[in-house]
Structures are given as C-alpha cells and as structure tokens.
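First comes the structure, then the notes that go with it.
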Amino acid sequence: MAHQLDSLDKKILKMISEDARIPFLEVARACNVSGAAIHQRIQKLSSLGVIKGSQFIIDPEKIGYETCAYIGLYLKDPGTFDRVVEELKKIPEVVECHYTTGGYDLFIKLFARNNHDLLTIIHDRLQPLGLSRSETIVAFNAVIDRQLPVRDL
C-alpha cells in the first residue's frame, strides 16, 4: 500500500537512499528544517514501513561466493509452502525468496562459493525440502543492481 508522502518526505528519502550514512544534520540543512524534524520524519517513515532499515552492502564475491544462482522450485505438495519457506530461511546462502506467478511454487536467489558448492546446496539442502524438481539459472554478472530511485512518487 502506497503512503501519502509530501515533498519533504520525498527529499529525505532521495538523500538517504543515495547515502545511508549521510548525517541527519546535513539532510536537515539541505531541507531547511531542524535536525529534530528530520529525525521525526525518518522515525515516521520507518514506522510506516517505507524505510525498512539501513545496512552495509557486502560484495559476495569479495568474501568467497563466486556463484550467484536463481532457482525456480517446484514443490511435491504445495501445501508445504509455509514449512518450506521456514526451512529456506535457515539456509544462509538463500538471500531472496519470492512467491511468483507462473509455474514455479517459489523462486529463490542464492550465493554459493562455486559451482560445486551450488550443486551441494541443491542436492543436500534444497531437494530434501520436498521438491519435485528445480530449475537453476546461474548469473554471470549483475549489470544493473540498484535500489528503486526516489522520484515523484
């Protein structure tokens, strides 16, 4: 559900999405309001769920995860969906899981150290979850990887 955001909210979102470490006082100066006002707005945007948090982005390849794969999962019994999602949450290499339209029951993104590690994850950790089959796509390189820009929402 979209929230009604005013021009100040949009300007704050644009600035902090471009640099999550920008000091609130710098945002306040650019927006011509007090630091307390920025703090209150960010609290409001967080409580509304517009801002989901901030984080450091770690490059998986730099820490030894050379293979990125997208895998479409077909469940033997779609009634096990919730249980399978809970089990997928326990596999740290799985970084995204989506319920999608189309043939797949679930669509996941994961990182593996190499292709052999990917095979091991699929065979030893995914298949036992009750899959009838899976389809794997290995990504060679992300040529676009970004947040959705904040514009005229």
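FYI, the numbering just counts along the sequence from 1. All values below come from the heavy atoms of this structure, side chains included, with hydrogens, waters and symmetry mates left out.
- Considering all non-hydrogen atoms of both residues, R83 and L129 come closest at NH2-O, 2.9 Å.
- The two residues A20 and S54 have their closest heavy-atom pair at CB-CB, 4.3 Å.
- Neither F111 nor I71 shares a network with the other; the hydrophobic side chains, linked directly or stepwise wherever heavy atoms of I, L, V, M, F, W or Y lie under 4.5 Å apart, form separate groups for each.
- Annotation for I63 and R113: closest pair O-NH1, 3.6 Å, computed over non-hydrogen atoms.
- Listed by first and then second residue, the salt bridge (Lys or Arg N to Asp or Glu O under 4.0 Å) pairs involving residues 50-72 amount to none (not counting sequence neighbours).
- Taking the six-membered ring where tryptophan is involved, the planes of Y104 and Y74 are perpendicular, since the angle between them exceeds 60° and thus also 30°.
- The backbone N or O of L8 lies less than 3.5 Å from a partner atom in the side chain of D6, making a donor-acceptor pair.
- The nearest pair of heavy atoms linking V27 to M15 is CA-CE, 4.0 Å.
- Contact record, C68 with K109: SG-CE, 3.7 Å, taken as the closest heavy-atom pair.
- Neither L126 nor F107 shares a network with the other; the hydrophobic side chains, linked directly or stepwise wherever heavy atoms of I, L, V, M, F, W or Y lie under 4.5 Å apart, form separate groups for each.
- Checked by atom type, the side-chain pair T67/N115 shows a donor-acceptor distance below 3.5 Å.
- The minimum heavy-atom distance between R41 and D9, with the atom names listed, is NH1-OD1, 2.8 Å.
- Counting only residues at least two apart or in different chains, salt bridge (Lys or Arg N to Asp or Glu O under 4.0 Å) contacts with residues 15-37 comprise K14-E18.
- In terms of hydrophobic clustering, with Ile, Leu, Val, Met, Phe, Trp and Tyr side chains grouped at heavy-atom distances under 4.5 Å, L118 and L88 are assigned to a common cluster.
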For residues 89-102, dump all side-chain donor-acceptor pairs below 3.5 Å to protein atoms at least two apart in sequence or in another chain.
{"residue": "K89", "atom": "NZ", "partner": "E86", "partner atom": "OE2", "Å": "3.1"}
{"residue": "K90", "atom": "NZ", "partner": "E87", "partner atom": "OE2", "Å": "3.1"}
{"residue": "E93", "atom": "OE1", "partner": "R125", "partner atom": "NH1", "Å": "3.2"}
{"residue": "E93", "atom": "OE1", "partner": "R125", "partner atom": "NH2", "Å": "3.1"}
{"residue": "E93", "atom": "OE2", "partner": "R125", "partner atom": "NH1", "Å": "3.3"}
{"residue": "E96", "atom": "OE1", "partner": "H98", "partner atom": "NE2", "Å": "2.8"}

